[in-house]
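Note that the coordinates shown come from a computational prediction; the quantities given were computed from them, not determined experimentally. The figures that follow rest on heavy atoms only: side chains count, while hydrogens, waters and symmetry mates do not. Counting convention: from 1, in listed order, for ligands and their atoms alike.
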Amino acid sequence: MKKKISASILSADFVRLAEEIHKAEEAGVDWIHVDVMDGVFVPNITIGVPVVKAIRKVTNLPLDVHLMIDRPERYLEAFVDAGADWLGIQVEATIHLDRQLNRIRELGAKATATLNPSTSLDTLEYVLDVSDMVLLMTVNPGFGGQEFIPAMLPKIRRLRQMIDDRGLNTLLQVDGGVKLDTADALVKAGVDVFVSGSGIFNANDIFENVRRLREIIDKDQ
Ligand code: DX5
Ligand code: ZN
């Protein structure tokens, strides 16, 4: 599979969100990553269902919605109805993880199991086969522009091995500190989907940022 770039709009200019999304789209990103934070599971509050609905109207790219909210089961249907193609829940935020991953699939979206940096891969042991994607957080969730945590590299390699050993199609996604200087190591560790926020939207030229990131992640293909 061609490796994918999922542009995190957390670092975009919210006042000109449609324009920023269109630029990212023209620059060739594959998905739009939407960070939903509730001020409880993470210390920050961002955007919710109405904004996802609005974004759905301005792009045809798949919407990759990352819920950083407590008890996400309360909102799965609302986010799928709003247009989420991929819906991610943090494994730490729900008690019945298997049920919620299956529920996302029943609702017609792809299910992403998301792990904080300190959360063990053991949490995936019995749910990997019902996860369309696993998102390994490579920063502590809550804010854009943080430093990549190097201890995540062996974790990524181990998950790659688990997925391959089981012959699954589960995608391996990373989020946090993904930039030109970290991308190469992530490619080598076996990442399929690269979420990048400040690396795309913060530095001045979105086109150039995406082009350079793409060059690195496509190098070995
Ligand atoms: C952080 C969010 C990320 C964030 C990444 O909690 O989940 O998606 O936007 O930002 P960068 O790429 O700037 O680390
Ligand atoms: Zn995210």
Legend entry - Minimum-distance protein heavy atom relative to atom 14 (O) of ligand 1: Gly177 N, 2.8 Å
Inset, instruction - State if Phe148 counts as touching ligand 1 under the rule of any non-hydrogen atom under 4.0 Å. - result: no
Inset, instruction - Below 4.0 angstrom from a heavy atom of Met37, which ligand 1 atoms are there? Numbered from 1 as shown, please. - result: 6 (O)
Inset, instruction - Check Phe148 against Gly176 and note the closest heavy-atom contact, atom names and distance. - result: CD1-O, 3.6 Å
Legend entry - Ion pair check, Lys3 and Asp30, cut-off under 4.0 Å: no
Legend entry - Contacting atoms of ligand 1, where contact means under 4.0 angstrom from a heavy atom of Gly197: 11 (P), 12 (O)
Legend entry - ligand 1 N/O within reach of Gly145 N/O, cut-off under 3.5 Å: yes
Inset, instruction - From the options Val36, Asn44, Asp175, Thr46, select the one whose nearest heavy atom is closest to atom 7 (O) of ligand 1. - result: Asp175
Legend entry - Thr119 side chain vs Leu115 backbone, donor-acceptor pair below 3.5 Å: no
Legend entry - Protein contact to atom 13 (O) of ligand 1 [nearest heavy atom, distance to 0.1 Å]: Ser198 OG, 2.5 Å
Inset, instruction - Considering only non-hydrogen protein atoms, determine which one is nearest to atom 6 (O) of ligand 1 and report residue, atom name and distance to 0.1 Å. - result: Gly142 N, 2.8 Å
Inset, instruction - For Met137, take its heavy atoms, then give the atoms of ligand 1 lying under 4.0 Å from any of them. - result: 7 (O)
Legend entry - Glu26 side chain reached by Lys23 side chain, heavy atoms, under 4.5 Å: no
Inset, instruction - Could you tell me whether the side chain of Thr182 and the main chain of Lys179 form a donor-acceptor pair under 3.5 Å? - result: yes
Inset, instruction - Check ligand 1 against Gly176 and write out every atom of the ligand that is under 4.0 Å from a heavy-atom position of the residue. - result: 14 (O)
Legend entry - Taking atom 1 (C) of ligand 1 as the reference point, the nearest protein heavy atom with its distance: Phe143 O, 3.5 Å
Legend entry - Given Arg160, Lys4, Lys2, the one that forms salt bridge (charged side-chain N to carboxylate O under 4.0 Å, His left out) with Asp192: Arg160
Inset, instruction - Considering only NZ, NE, NH1 and NH2 on the basic side and carboxylate oxygens on the acidic side, decide whether Lys110 and Asp64 come within less than 4.0 Å. - result: no
Inset, instruction - Report, in ascending order of atom number, the atoms of ligand 1 lying under 4.0 Å from any heavy atom of Met68. - result: 6 (O), 7 (O)
Inset, instruction - Examine distances only and state if a side-chain atom of Asp70 and a backbone atom of Phe41 form a donor-acceptor pair shorter than 3.5 Å. - result: no
Legend entry - Electrostatic pair Arg99-Glu73, nearest N-O below 4.0 angstrom: no
Legend entry - Donor on one side chain, acceptor on other, Asn116 and Gln90, under 3.5 Å: yes
Legend entry - the Zn ion (ligand 2): angle it makes with OD2 (Asp175) and ND1 (His66), nearest 10 degrees: 90°
Inset, instruction - Under 4.0 Å from a heavy atom of His33: give me the atoms of ligand 1 that qualify, with their elements. - result: 8 (O)
Legend entry - Which of the ligand 1 atoms, numbered from 1, are nearer than 4.0 Å to a heavy atom of His66: 7 (O)
Inset, instruction - Examine distances only and state if a side-chain atom of Thr138 and a backbone atom of Val174 form a donor-acceptor pair shorter than 3.5 Å. - result: no
Legend entry - Mode of Pro141 contact toward ligand 1 - side chain, backbone, both, neither (heavy atoms, under 4.0 Å): both
Inset, instruction - Give the atoms of ligand 1, by number and element, whose distance to some non-hydrogen atom of Ser196 is under 4.0 Å. - result: 12 (O)
Legend entry - For atom 2 (C) of ligand 1, closest protein heavy-atom neighbour: Asp35 OD1, 3.4 Å
Legend entry - Heavy-atom gap Gly199 to ligand 1 smaller than 4.0 Å: no
Legend entry - side-chain contact (heavy atoms from CB on, under 4.5 Å), paired with Pro141, selected from Met68, Met37, Glu92: Met68
Inset, instruction - Starting from atom 10 (O) of ligand 1, locate the nearest protein heavy atom and write down its residue, its atom name and how far away it is, to 0.1 Å. - result: Gly144 CA, 3.6 Å
Inset, instruction - State whether a side-chain donor-acceptor pair under 3.5 Å links Asp175 with Ser8. - result: no
Legend entry - Check: Ala111 main-chain N/O paired with Asp132 side-chain donor or acceptor under 3.5 Å: yes
Legend entry - the Zn ion (ligand 2): angle it makes with OD1 (Asp35) and NE2 (His33), nearest 10 degrees: 90°
Legend entry - Nitrogen or oxygen atoms of Val178 and ligand 1 under 3.5 Å apart: no
Legend entry - Protein residue, atom and distance nearest to atom 9 (O) of ligand 1, heavy-atom basis: Ser8 OG, 2.7 Å
